[in-house]
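Here the structure comes first, spelled out in structure tokens, and everything after it is commentary.
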Amino acid sequence: MREGAHPGRIARYPAEETSQRAKQTHGIPFRTDPRRAGRKSTTREPIIQEREAYDPDWSEGFEPEATRRDAGVTESSRANRGWWDRNADEYQIEHGTFLGDDRFVWGPEGLDEAEAGLLGPPEELKGRAVLEIGAGAAQCARWLAAQGARPVALDLSHRQLQHALRIGGSFPLVCADAGALPFADGSFDLACSAYGALPFVADPRLVLREVRRVLRPGGRFVFSVTHPIRWAFPDEPGPEGLSVSSSYFDRTPYVEQDERGRAVYVEHHRTLGDRVRDIVASGFRLVDLVEPEWPAWNTAEWGGWSPLRGNLIPGTAIFVCERD
């Protein structure tokens with residue numbers, strides 16, 4: 001990793017600039033953001049400061065229209081950066097208690113890395129350089145640091161990383177696009193992503209190839225996404241979410257758009273077969289596919305995830321990949 005990302009600040013590298021130069025240099029000096037968050041807090045006190053005007057064209061009172069249509073790499077990245085910047089506070093309010101400040105949870109089922117060991121035994125993480133992609137408030141990176149690892153937390157959303165600053169930690173925070181990672185080849189031993197980046201990108205192979213590039217030979221990448229079967233069902237936690245409503249094979253992106261037809265949120269669907277082909281085509285070897293079962297202790301609802309649905313159909317798919 002190049003110099004520029006330091007604990008206590010966010011190294012910011014906009015996607016529109018990295019996309020042109022990252023692949024040429026394989027490691028770009030960061031531009032740092034001198035602003036710092038206030039006192040250390042917890043996810044139960046989510047507001048740091050007055051919200052920044054992330055998108056001056058956004059109409060606060062407008063209810064986005066949900067549709068299914070094509071959305072490319074640039075449109076998806078722009079829409080999702082804006083969505084997460086606008087909704088980071090609400091997300092941390094709603095889910096902060098479940099996620100904790102320093103837990104590594106793979107999904108709404110509550111599968112904990114401390115028990116799953118998908119990155120390897122916790123006692124073997126000490127000294128390992130780990131990249132967390134789509135880190136949000138960096139809860140997973142914070143847990144990794146507690147095991148003695150050397151994490152770097154990366155997210156597309158500057159506002160999410162402000163929450164990471166608020167909670168605290170001694171590891172670097174980087175604001176950049178996962179499709180143009182601003183790190184040198186072979187910078188990391190491990191990489192992970194708990195519902196980060198992969199569900200939201202139009203070209204997952206671009207992200208996978210970038211992750212492979214920054215991993216050392218023998219490195220492992222573990223990522224979780226919404227289980228593809230969920231796309232055939234309505235995103236509802238109750239009985240109405242148990243009837244198939246669309247084709248599992250319909251890969252048309254889910255898009256929320258404003259009154260001008262501009263995307264403000266985009267999520268992309270891949271079948272299980274698509275995910276496997278993307279992984280293999282990007283130079284990884286798939287060593288495990290984990291479908292967490294809903295545990296009896298978890299009574300929470302999270303969007304379309306619930307005990308009712310979780311006991312009947314899988315909600316999360318976790319792919320364990322290795323770079324030869």
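Quantities reported herein were computed from a predicted structural model and do not represent experimental measurements.
- Between the side chain of R150 and the backbone N or O of G127, at least one donor-acceptor pair lies under 3.5 Å.
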Quick one, L161 with H158, criterion side-chain contact (heavy atoms from CB on, under 4.5 Å). Give me CA distance, side-chain angles, the key distance, then yes/no.
CA-CA 5 Å; L161 292 175; H158 187 264; 5.7 Å; no
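- Side-chain contact between V266 and Y254: absent, with no pair of heavy atoms (C-beta onward) separated by less than 4.5 Å.
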Take L118 and F104 through the test side-chain contact (heavy atoms from CB on, under 4.5 Å) and record every step on the way to the result.
CA-CA 11 Å; L118 300 181; F104 193 138; over 6 Å; no
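- The backbone N or O of V73 lies less than 3.5 Å from no partner atom in the side chain of S76, so there is not a single donor-acceptor pair.
- Side-chain polar atoms of D274 and H269 form no donor-acceptor pair below 3.5 angstrom.
- Remark: the backbone N or O of G283 is paired with a side-chain donor or acceptor of R212 at under 3.5 angstrom.
- Taking 4.5 Å as the limit, some side-chain heavy atom of E267 sits within range of a side-chain heavy atom of T226.
- Note on L111: it clusters hydrophobically with W143, by side-chain heavy-atom contacts below 4.5 Å among ILVMFWY residues.
- Donor-acceptor pairing under 3.5 Å is recorded for the side chains of D250 and T252.
- Summarising the geometry of R270 relative to V201, their closest heavy-atom pair is NH2-O, 3.9 Å, with the distance given to 0.1 Å.
- Although no hydrogens or angles enter the test, the distance criterion places a donor-acceptor pair under 3.5 Å between the side chain of W305 and the main chain of G315.
- In summary, E75 and R78 do not engage in a salt bridge, as defined by a charged side-chain N under 4.0 Å from a carboxylate O.
- Checked against the 6.0 Å centroid criterion, the rings of W302 and F98 qualify as a close aromatic pair.
- By the rule that hydrophobic residues join a cluster once side-chain heavy atoms approach within less than 4.5 Å of another member, V222 and F200 end up as members of separate clusters.
- For the residue pair P199 and V225, the shortest heavy atom distance occurs at CG-CG1, 3.9 Å.
- At a threshold of 4.5 Å between side-chain heavy atoms, the hydrophobic network of Ile, Leu, Val, Met, Phe, Trp and Tyr places V211 and L119 in two separate groups.
- To the nearest 0.5 Å, atom SG of residue C321 and atom CD1 of residue I279 are 4.0 Å apart.
- You'll find the side chain of E259 stays beyond 4.5 Å of the side chain of P64, heavy atoms only.
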side-chain contact (heavy atoms from CB on, under 4.5 Å) assessment of Y91 paired with D89
CA-CA 5 Å; Y91 180 86; D89 293 354; over 6 Å; no
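- Under the 4.5 Å side-chain heavy-atom criterion for Ile, Leu, Val, Met, Phe, Trp and Tyr, V320 and V130 are members of the same hydrophobic cluster.
- A 4.5 Å side-chain heavy-atom check between V264 and R86 finds at least one atom pair inside the cut-off.
- Taking the six-membered ring for Trp, W231 and F233 have ring centres at least 6.0 Å apart.
- Ring geometry for F223 against F319 counts as parallel: the plane angle stays under 30°, on a 0 to 90° scale with 60° as the upper cut.
- A 4.5 Å side-chain heavy-atom check between V174 and L131 finds every atom pair outside the cut-off.
- Judged by distance alone, the side chain of S187 and the main-chain N or O of V214 form no donor-acceptor pair under 3.5 Å.
- Cluster annotation: F249 is connected to L272 through the hydrophobic network of ILVMFWY side chains, with a link wherever side-chain heavy atoms come within less than 4.5 Å.
- The pair D235-R230 does not meet the salt-bridge criterion, since no charged nitrogen lies less than 4.0 angstrom from a carboxylate oxygen.
- Side-chain contact annotation: Q92 with Q160, donor-acceptor N/O pair under 3.5 Å present.
- Looking only at side-chain heavy atoms (C-beta outward), F171 and L144 stay at 4.5 Å or farther from each other.
- Between E240 and S245, the closest side-chain pair of non-hydrogen atoms is not below 4.5 Å.
- Residues A202 and A71 approach most closely at CB-O, 3.6 Å, considering heavy atoms.
- For S306 (side chain) and P237 (main-chain N/O), a donor-acceptor pair under 3.5 Å exists by modelled atom type.
- No donor-acceptor distance shorter than 3.5 angstrom exists from the side chain of D112 to the backbone of E115, with no hydrogens or angles considered.
- Looking at heavy atoms from C-beta onward, E132 lies in side-chain contact with C140 at the 4.5 angstrom threshold.
- No side-chain donor from either of R128 and Q147 sits under 3.5 Å from a side-chain acceptor of the other.
- Using a 3.5 Å distance cut-off with no hydrogens or angles, the side chains of Y195 and T316 do pair a donor with an acceptor.
- Environment of CD in E293: sparse, with no more than 12 heavy atoms of neighbouring residues, nucleotides or ligands closer than 6.0 Å.
- Heavy-atom minimum distance, D278 versus R205: OD1-NE, 2.8 Å.
- The minimum heavy-atom distance linking D155 with G136 is given by the pair OD2-N, 2.7 Å.
- Ion pair D101/R142 not flagged as a salt bridge, since none of the NZ, NE, NH1 or NH2 atoms sits closer than 4.0 Å to an Asp/Glu carboxylate oxygen.
- Of all non-hydrogen atoms in G241 and R309, the two that sit nearest each other are O-NH1, 2.6 Å.
- Side chains of E113 and W106: a donor-acceptor N/O pair is present below 3.5 angstrom, by distance only.
- Applying the salt bridge (charged side-chain N to carboxylate O under 4.0 Å, His left out) criterion to D189, with sequence neighbours excluded, gives R216.
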